[in-house]
Participant: 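To start, I am sharing the structure in question, which I have written as structure tokens.
Note that this is a predicted model, so its numbers are computed, not measured. Sequence lines set the chain letters: A, B, ... in the order given, protein chains first and strands last, and positions in each chain run from 1.
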Amino acid sequence: MQKASLVKGTRDFGPIQVAKKNYIFDTIKKVFKSYGFAPLETPSMEKIETLTGKYGEEGDQLLFRILNNGDILPKAESNFDSNRALKSAISDKGLRYDLTVPFARYTAMNMHALKMPFKRYQIQPVWRADRPQKGRYREFWQCDADTIGTRSLICELECIEMFDKVFSALNLPVVIHLNHRKLLEAIAIHLGFEGEFEAFTVAIDKMDKIGFDGVVKELESKNLDTSKFENAQSLLTTFDFESKQLKDLDETLTSVLATQAIKDLSEIRGYYNQLDNDIVLDTSLARGLSYYTGCIFEVKLKEGGFGSVAAGGRYDDLTEVFGVKDISGIGISFGADRMYDVLEDLNLFPQEMSKMTDVLICPMDKDVFSFALQTARKIRNNTQQSCLVYPKEGKLKKQLDYANALNAQYAIIIGSEEVEKNEVSIKNLNSGEQKNMDLTQLIELLK
RNA sequence: GUGGUUGUAGCUCAGCUGGUUAGAGCACCGGUUUGUGGUACCGGGGGUCGUGGGUUCGAGCCCCAUCUUCCACCCCA
């Protein structure tokens with residue numbers, strides 16, 4: 001016999017967990033649909049060359065590769081000068097790392113049929129060969145919405161609104177962090193890091209974690225000149241997302257790049273009045289994925305938890321590697337598994353998630369089965385309630401126990417007395433209240 | 001990928017410096033009550049102590065390996 005076990009960093013979802021997960025998916029889906037996004041699904045696996053080189057060196061290492069079928073040994077026996085060469089000889093497929101790149105691939109292949117701007121949403125699992133931690137899985141679900149084929153800043157606004165709506169619908173207070181890649185570049189140049197943009201962003205992205213002094217140390221450890229960095233603290237921080245702050249920032253930076261970014265941000269700011277959640281301009285936000293070129297977002301929990309529960313940004317050249325130029329796009333992604341964990345921790349899933357049925361019918365002996373089944377049929381055909389007949393007679397205690405385990409709202413008790421009077425005994429399992437009535441009254445009650 | 005950490009019944013854990021048949025609470029099952037649950041009482045099942053080696057007269061406890069968990073770094077949802 002073999003011990004049953006799971007692959008590291010993966011998990012099962014039982015009936016209640018699936019209901020909870022669907023609650024998250026449904027909430028997100030509803031918002032996506034209300035903004036006119038249409039569904040798309042792509043295969044779990046992609047050609048390895050579709051995936052590699054899109055997420056940087058680190059990302060490539062985290063790709064799950066699929067071993068080729070057939071006789072790989074002769075190939076493997078040849079001399080390869082590197083792991084990389086060997087890998088590509090024995091594996092030409094991989095599991096998708098995110099949903100954005102498969103979408104770019106899809107777009108490139110279907111340009112002829114897509115009416116721009118094209119808006120799609122996609123809710124599917126992705127895989128990363130990461131070392132698992134809390135809130136960090138090797139298989140997890142992303143919920144993406146992207147708009148491509150337009151540079152309109154209305155899309156940025158929609159992203160912000162969708163973040164706001166989803167988290168507000170889930171009763172999960174968050175802070176939406178907003179930044180602009182060009183603003184970040186302008187700041188980098190202003191602080192003397194021209195040509196060292198990557199190292200600069202990697203360092204300042206850790207601001208909230210290691211603090212200002214930590215960032216200085218990090219930069220120095222990479223032999224970067226931090227002489228102009230002393231006035232950076234007031235520049236790399238979170239600002240209220242208001243026009244006054246934007247104007248001040250523009251005046252401090254006085255560069256073309258900064259002005260472009262501020263213009264975008266001001267326009268977006270002009271499009272809305274009130275959100276349920278907080279939003280800040282966070283100039284220390286530097287999303288790692290290198291394909292972003294405009295606005296970038298990250299949604300963080302107001303209290304504790306993981307790094308971020310949702311993120312996104314604008315990218316200009318994602319389809320270019322597939323031969324399709326000048327398609328600007330913007331997309332966001334919700335991390336369903338992290339959201340699941342937080343909602344669980346904070347006990348924010350609605351009560352009915354654990355309800356397996358609304359009504360349990362309890363037949364006392366075999367003679368009443370047909371009456372019980374008839375009652376069930378009536379309930380199913382005439383009400384919205386789900387209904388289940390306990391498939392074995394006897395022991396009311398046992399049956400009521402079962403009803404509790406299923407979190408049912410009503411138990412309908414049917415014995416020979418009830419059949420004789422052509423009625424049922426219905427018990428409200430929350431209040432304990434119980435009364436007898438005929439089937440017409442029962443349907444009326446359950447409607 | 002680097003450094004650390006964890007692993008005892010379904011769950012949360014106890015188990016003294018290695019010493020006879022490994023414990024508790026909760027959960028589960030049965031009964032008290034063969035037609036009334038979620039609160040009471042009585043009883044019961046269930047563990048090759050993550051796995052594989054080793055040291056020892058003897059290992060849940062020590063050593064090695066491996067897997068798993070969680071944490072930090074890296075990166076990220």
Participant: Can you tell me how far C1' in B:U6 sits from the matching atom in B:C13, rounded to whole Å?
Facilitator: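 Between the two C1' atoms, the distance is 14 Å.
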Participant: Using the side-chain heavy atoms of A:Gln133, tell me which of these nucleotides is nearest: B:U36, B:C71, B:G37.
Facilitator: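 So the nucleotide nearest the side chain must be B:C71.
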Participant: For B:U2, does the base pair up with any side-chain atom of A:Arg131 as donor and acceptor (N or O, under 3.5 Å, distance only)?
Facilitator: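 Present.
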Participant: When rounded to the nearest 0.5 angstrom, what distance separates CG in A:Leu360 from CG in A:Leu406?
Facilitator: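 Separation between the atoms: 6.5 Å.
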Participant: With heavy atoms under 4.0 Å as the rule, sort A:Ala411 into base, sugar-phosphate or nothing.
Facilitator: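 Nothing, no heavy atom under 4.0 Å.
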Participant: Between the base of B:C76 and the side chain of A:Arg338, is there a donor and acceptor pair under 3.5 angstrom?
Facilitator: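 Under the 3.5 Å cut-off, the side chain and the base do form a donor-acceptor pair.
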Participant: Between B:G37, B:C76, B:C70, which nucleotide gets closest to the side-chain atoms of A:Lys134?
Facilitator: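 Closest nucleotide to the A:Lys134 side chain: B:C70.
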Participant: So, under a plain 3.5 Å distance rule, would you say the side chain of A:Lys427 forms a donor-acceptor pair with the base of B:U36?
Facilitator: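 For A:Lys427, whose side chain was compared with the base of B:U36, there is a donor-acceptor pair (under 3.5 Å).
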Participant: Can you tell me how far P in B:G43 sits from the matching atom in B:C26, rounded to whole Å?
Facilitator: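 Here B:G43 and B:C26 have their P atoms 14 Å from each other.
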Participant: Determine the contact category for A:Gly59: base if any of its heavy atoms lies under 4.0 Å from a base atom, sugar-phosphate if only primed atoms, P, OP1 or OP2 are that close, otherwise nothing.
Facilitator: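 If one applies the 4.0 Å heavy-atom cut-off, A:Gly59 turns out to touch nothing in the nucleic acid.
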Participant: Applying a 4.0 Å non-hydrogen cut-off, can you work out what A:Tyr137 is touching in the nucleic acid: base, sugar-phosphate, or nothing?
Facilitator: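 Base contact - A:Tyr137 has a heavy atom under 4.0 Å of at least one base atom.
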Participant: In terms of side-chain heavy atoms of A:Leu400, which of B:C70, B:G3, B:G37 is nearest?
Facilitator: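 In terms of side-chain proximity for A:Leu400, the closest of B:C70, B:G3, B:G37 is B:G37.
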Participant: Contact class for A:Lys300 vs. all strands (heavy atom < 4.0 Å): base, sugar-phosphate, or nothing?
Facilitator: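 The residue A:Lys300 makes no contact with any strand.
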Participant: Touch check for A:Asp144, heavy atoms < 4.0 angstrom, all strands: base, sugar-phosphate only, or nothing?
Facilitator: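 Result for A:Asp144 = nothing.
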Participant: When you measure from the side chain of A:Lys395, which nucleotide among B:G31, B:G35, B:U68 comes out closest?
Facilitator: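 Given the options B:G31, B:G35, B:U68, the side chain of A:Lys395 is closest to B:G31.
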Participant: Does the structure show a Watson-Crick or G-U wobble partner for B:C41, both distances under 3.5 Å? Name it, or say none.
Facilitator: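 Base partner found: B:G31.
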Participant: Please work out if A:Glu58 contacts a base, only the sugar-phosphate, or nothing of the nucleic acid, heavy-atom cut-off 4.0 Å.
Facilitator: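 Touches sugar-phosphate only.
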Participant: Please verify the inter-ring angle class for A:Phe163 with A:Phe297; under 30° counts as parallel, over 60° as perpendicular, anything in between as tilted.
Facilitator: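 The rings of A:Phe163 and A:Phe297 stand perpendicular, inter-plane angle above 60°.
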Participant: Which part of the nucleic acid does A:Val202 contact within heavy-atom distance under 4.0 Å: base, sugar-phosphate only, or nothing?
Facilitator: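 Sugar-phosphate contact only - A:Val202 comes under 4.0 Å of backbone atoms but never of a base.
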Participant: Just checking A:Gly135: base, sugar-phosphate only, or nothing, at a heavy-atom cut-off of under 4.0 Å?
Facilitator: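 Base contact.
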Participant: If the P atom of B:G25 is compared with that of B:C62, how far apart are they to the nearest Å?
Facilitator: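 To the nearest whole Å, 27 Å.
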Participant: Could you verify whether a donor N or O on one side chain and an acceptor N or O on the other, from A:Asp282 and A:Thr238, lie under 3.5 Å apart?
Facilitator: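 No.
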Participant: How many angstroms lie between atom CD1 of A:Ile187 and atom CG of A:Leu235, to the nearest 0.5 angstrom?
Facilitator: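 The distance works out to 4.5 Å.
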Participant: Does A:Lys397 place a side-chain N or O at less than 4.0 Å from the phosphate oxygens OP1/OP2 of B:G31?
Facilitator: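 Looking at the OP1 and OP2 atoms of B:G31, neither is under 4.0 Å from any side-chain N or O of A:Lys397.
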Participant: Using the C1' atom as the reference point in each nucleotide, state the distance between B:C63 and B:U56 in Å, no decimals.
Facilitator: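 Pairwise C1' distance, B:C63 against B:U56, rounds to 12 Å.
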Participant: When we call it a touch if two heavy atoms are under 4.0 Å apart, what does A:Ser416 touch: a base, just sugar-phosphate, or nothing?
Facilitator: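 The residue A:Ser416 makes base contact.
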Participant: Would you indicate what A:Glu418 reaches in the nucleic acid, counting non-hydrogen atoms under 4.0 angstrom: base, sugar-phosphate, or nothing?
Facilitator: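 Base: the residue A:Glu418, judged by heavy atoms under 4.0 Å, touches a nucleobase.
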Participant: Please assess A:Asp92 against A:Lys47 for the test salt bridge (charged side-chain N to carboxylate O under 4.0 Å, His left out), listing each intermediate value before the final yes or no.
Facilitator: CA-CA 6 Å; A:Asp92 58 13; A:Lys47 293 230 168 109; over 6 Å; no
Participant: Hey, does the side-chain of A:Gln399 have a donor or acceptor N/O within less than 3.5 Å of a partner on the base of B:U36?
Facilitator: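 Donor-acceptor pair under 3.5 Å: no.
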Participant: How are the rings of A:Tyr121 and A:Phe32 set to each other: parallel, tilted or perpendicular (split at 30° and 60°)?
Facilitator: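 Rings of A:Tyr121 and A:Phe32: tilted, as their planes differ by 30° to 60°.
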Participant: If you measure from the C1' atom in B:G47 to the same atom in B:U12, how many Å do you get, rounded?
Facilitator: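 So the two C1' atoms sit 16 Å from each other.
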Participant: Check every strand shown and say whether A:Ser308 touches a base, only sugar-phosphate, or nothing at a heavy-atom separation below 4.0 Å.
Facilitator: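 The residue A:Ser308 makes sugar-phosphate contact but no base contact.
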Participant: When the P atoms of B:G53 and B:G60 are compared, how many Å lie between them, rounded to an integer?
Facilitator: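 Going atom to atom, P in each nucleotide, I get 14 Å.
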Participant: Mind checking if A:Leu429 touches a base, just sugar-phosphate, or nothing, with heavy atoms under 4.0 Å?
Facilitator: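 Base contact.
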Participant: Rounded to whole angstrom, note down the C1' distance from B:U21 over to B:U48.
Facilitator: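 The answer is 15 Å between these two C1' atoms.
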Participant: Could one point to a donor on the side chain of A:Asn404 or the base of B:G37 with an acceptor on the other under 3.5 Å away?
Facilitator: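 It does, because a donor-acceptor pair links the side chain of A:Asn404 to the base of B:G37 below 3.5 Å.
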Participant: Less than 6.0 Å separating the ring centroids of A:Phe13 and A:Tyr340?
Facilitator: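 They qualify: ring centres under 6.0 Å apart.
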Participant: How long is the straight-line distance from NZ of A:Lys20 back to CG of A:Leu343, given to the nearest 0.5 Å?
Facilitator: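 Going from CG on A:Leu343 over to NZ on A:Lys20, the span is 9.5 Å.
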Participant: Does any nucleotide pair with B:G25 by Watson-Crick or G-U wobble geometry, both distances under 3.5 Å, and what is it?
Facilitator: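 The answer is B:C11, by the H-bond criterion.
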Participant: Determine the contact category for A:Gly9: base if any of its heavy atoms lies under 4.0 Å from a base atom, sugar-phosphate if only primed atoms, P, OP1 or OP2 are that close, otherwise nothing.
Facilitator: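 Touches sugar-phosphate only.
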Participant: When the P atoms of B:C29 and B:C73 are considered, how many whole Å apart are they?
Facilitator: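 Rounded to whole Å, the distance is 45 Å.
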Participant: If the cut-off is 4.0 Å, is A:Lys398 near the phosphate of B:G30, judged by side-chain N/O to OP1 or OP2?
Facilitator: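 So the side-chain polar atoms of A:Lys398 do come within 4.0 Å of the phosphate oxygens OP1 or OP2 of B:G30, strictly under.
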